[in-house]
Amino acid sequence: MTTALLSTTDELHARARHGRRAVVMTMGALHEGHATLIRTAREIAGRDGEVVVTVFVNPLQFGAGEDLDRYPRTLEADLKLAEQAGADVVFAPSVDEVYPGGQPQVRLSAGPMGERLEGATRPGHFDGVLTVVAKLLHLTRPDVALFGQKDAQQLALIRRMVRDLNFGVEIVGVPTVREADGLALSSRNRYLSPDERRTALALSRALFAGRDRHAAQEALRARAREVPSTHARAEALSAIGESRAAADAHAVATAAPGGPAAVRAAARQVLDEAGRVEPPLKLDYLALVDPSDFTEIGDGFTGEAVLAVAARVGTTRLIDNIPLTFGNLGAAS
């Protein structure tokens, strides 16, 4: 198949539509993470549907001193990757096409959720994100739009916007794609020197440490629930050599710190160590939050959660996260 490169809304709207239209929104500099989004969009749209990939570096979401000017523009390579992944159209509008007459005076507000974590570090960032996503949803008119779970707070805000403002579009989150060493794929990874990349691996290691601590704690609690409570049953277990293991499970599940506090502590230890190497990791935040509003969860929390981290290594700022489940719904995802 040949992927069409379009730069105006009129060109896009002139295309005959058959089946479902699935849109993947990007800022270009496409990598395997984007390719996964596009392939998933192809599956959702089906052979008779249409996959549109937008490539637009949105000036509204870059704050003072951020990397708008040096953000990579690789349209020719992007077109090739999009085609190989199954896109029908790459829609790469100019700033004037998206914002005719200059920056919009009317913008969307991300509200309180947009002021936390990424929003606290980058004031106004999510207002710019939601404004351009709303614009591109109107311009591309999709049935479904796909976004990566690596930008978990962005995904949550887009879902909230679509629900609160009654956009007639389905939002699909696609799991984070990682490189072989665990680093989450990002267009900004290319800025890292070899030494900086080694330090940056602490982000994913921290998340995995938190996940593993949680999984171990859940397994111990499950084991403790299975331990017999009567003397006769305990003797029966002893006969097959399990009483010590059962006792250990009880002791650890009771005495060891568990729940959200243990998850945070395990992740923090990895990040603290990375802050002492050269080049050092400079932590912006480590948070364990409720994905419905991105507030920190407490020790009695039950349900889905997101363990998120953001840090700088050299001049490059990176983010990452993993989902976890607390309570009766299960162990770590």
Side-chain angles (χ1 to χ4, degrees), residues 1-9 11-12 15 22-42 50-63 65-99 118 122 125 128-129 131-133 135-137 139-140 142 145-151 154-155 158 174-181 183-194 196-197 200 203 310 312-320:
M1 67 180 293
T2 300
T3 300
L5 176 61
L6 307 179
S7 60
T8 70
T9 308
E11 291 174 315
L12 183 60
R15 290 178 61 88
V23 166
V24 174
M25 297 185 187
T26 83
M27 293 205 300
L30 303 188
H31 50 63
E32 181 56 29
H34 297 108
T36 299
L37 285 166
I38 297 167
R39 287 192 291 266
T40 305
R42 181 79 272 163
E50 184 179 52
V51 174
V52 177
V53 177
T54 68
V55 174
F56 180 68
V57 181
N58 176 36
L60 296 192
Q61 68 193 69
F62 288 82
E66 294 189 335
D67 56 358
L68 173 61
D69 291 337
R70 72 167 183 152
Y71 197 88
R73 273 85 165 171
T74 57
L75 184 57
E76 184 176 344
D78 294 344
L79 181 62
K80 182 177 180 180
L81 183 147
E83 183 170 273
Q84 292 173 341
D88 297 290
V89 174
V90 168
F91 178 53
S94 66
V95 173
D96 289 339
E97 181 74 16
V98 177
Y99 301 122
E118 285 297 291
R122 307 173 67 188
H125 169 71
V129 169
T131 298
V132 78
V133 169
K135 291 271 289 184
L136 290 172
L137 288 175
L139 294 176
T140 60
L146 295 88
F147 298 88
Q149 291 179 359
K150 186 177 82 71
D151 297 296
Q154 170 181 285
L155 175 60
I158 291 170
V174 178
T176 300
V177 178
R178 299 184 180 278
E179 301 194 41
D181 57 10
L183 188 67
L185 282 172
S186 170
S187 301
R188 291 188 169 94
N189 290 352
R190 67 185 66 194
Y191 299 148
L192 297 169
S193 70
E196 289 171 343
R197 184 186 174 88
L203 273 74
R312 292 184 182 275
V313 182
T315 60
T316 304
R317 186 174 185 275
L318 301 170
I319 63 172
D320 200 353

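Values below: every heavy atom of this structure, side chains too, minus hydrogens, waters and symmetry copies.
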Query raised in the report: Between Ser187 and Ala29, which heavy-atom pair has the shortest distance, and what is it?
Result: OG-O, 3.1 Å
Requested in this report: Walk me through it: do Phe91 and Val23 pass the test side chain to side chain contact (heavy atoms under 4.5 Å, CB included)?
Outcome: CA-CA 10 Å; Phe91 178 53; Val23 166; over 6 Å; no
Query raised in the report: Would you say Thr26's side chain and Thr54's backbone share a donor-acceptor pair under 3.5 angstrom?
Result: yes
**Report entry** Distance (rounded to the nearest 0.5 Å) between Ile319 CD1 and Asp151 CG
**Finding:** 4.5 Å
Report summary line: For Glu196, the salt bridge (charged side-chain N to carboxylate O under 4.0 Å, His left out) test, sequence neighbours excluded, returns none
Query raised in the report: Between Gly86 and Arg42, which heavy-atom pair has the shortest distance, and what is it?
Result: O-NH1, 2.9 Å
Query raised in the report: Could you state the interatomic distance from OH (Tyr99) to OG1 (Thr131), rounded to the nearest 0.5 Å?
Result: 6.5 Å
Report task. Please list, chain by chain and in numerical order, all residues satisfying side-chain hydrogen bond (donor to acceptor under 3.5 Å, both in side chains) with Thr74, sequence neighbours excluded. Result -> Asp78
Query raised in the report: Roughly how far apart are Leu185 CG and His31 NE2, rounded to 0.5 Å?
Result: 5.5 Å
**Report entry** Nearest non-hydrogen partners of Ala82 and Val53, listed with the distance
**Finding:** CB-CG2, 4.5 Å
Query raised in the report: For the residue pair Ala22 and Leu146, what are the closest heavy atoms and their distance?
Result: CB-CD1, 4.1 Å
Query raised in the report: What pairs of residues pass the salt bridge (Lys or Arg N to Asp or Glu O under 4.0 Å) test when at least one of them lies in residues 25-37, not counting sequence neighbours?
Result: Glu32-Arg39
Report task. Please name all residues satisfying side chain to side chain contact (heavy atoms under 4.5 Å, CB included) with Leu5, sequence neighbours left out, ordered by chain then number. Result -> Leu75, Leu79, Val90, Ala92
Query raised in the report: Rounded to the nearest 0.5 Å, what separation is found between the CG atom of Asn189 and the OG1 atom of Thr316?
Result: 8.5 Å
Requested in this report: Search all heavy atoms of Asn58 against all heavy atoms of Gln61 and return the closest pair with its distance.
Outcome: ND2-OE1, 2.9 Å
Query - Residues forming a side chain to side chain contact (heavy atoms under 4.5 Å, CB included) with Val57, sequence neighbours excluded - result: Met27, Phe62, Leu68, Tyr71, Arg73
Requested in this report: Report the distance from atom CZ of Phe56 to atom CE of Met25, rounding to the nearest 0.5 Å.
Outcome: 11.5 Å
Report task. Any chance you could measure Leu12, atom CG, to Leu6, atom CG, to the nearest 0.5 Å? Result -> 6.0 Å
Requested in this report: Go through Leu192 and Leu318 one step at a time and tell me if the side chain to side chain contact (heavy atoms under 4.5 Å, CB included) criterion holds.
Outcome: CA-CA 10 Å; Leu192 297 169; Leu318 301 170; 4.0 Å; yes
Requested in this report: Would you please name every residue forming a salt bridge (charged side-chain N to carboxylate O under 4.0 Å, His left out) with Asp320, sequence neighbours left out?
Outcome: Arg178
Query raised in the report: Can you name the one residue among Leu155, Val24, Thr36 that meets side chain to side chain contact (heavy atoms under 4.5 Å, CB included) with Val174?
Result: Thr36
Report task. Using the test side chain to side chain contact (heavy atoms under 4.5 Å, CB included), find all partners of Leu81 that sit at least two apart in sequence or belong to another chain. Result -> Leu30, Ala35, Ile38
Query raised in the report: Under the salt bridge (charged side-chain N to carboxylate O under 4.0 Å, His left out) test, which residues partner Arg317, sequence neighbours left out?
Result: Glu118, Asp284
**Report entry** Qualifying salt bridge (Lys or Arg N to Asp or Glu O under 4.0 Å) pairs, either residue in residues 50-61, two or more places apart
**Finding:** Arg15-Glu50, Arg21-Glu50
Query raised in the report: Listed by chain and number, what are the side chain to side chain contact (heavy atoms under 4.5 Å, CB included) partners of Glu97, not counting sequence neighbours?
Result: Thr8, Thr9, Pro93, Ser94
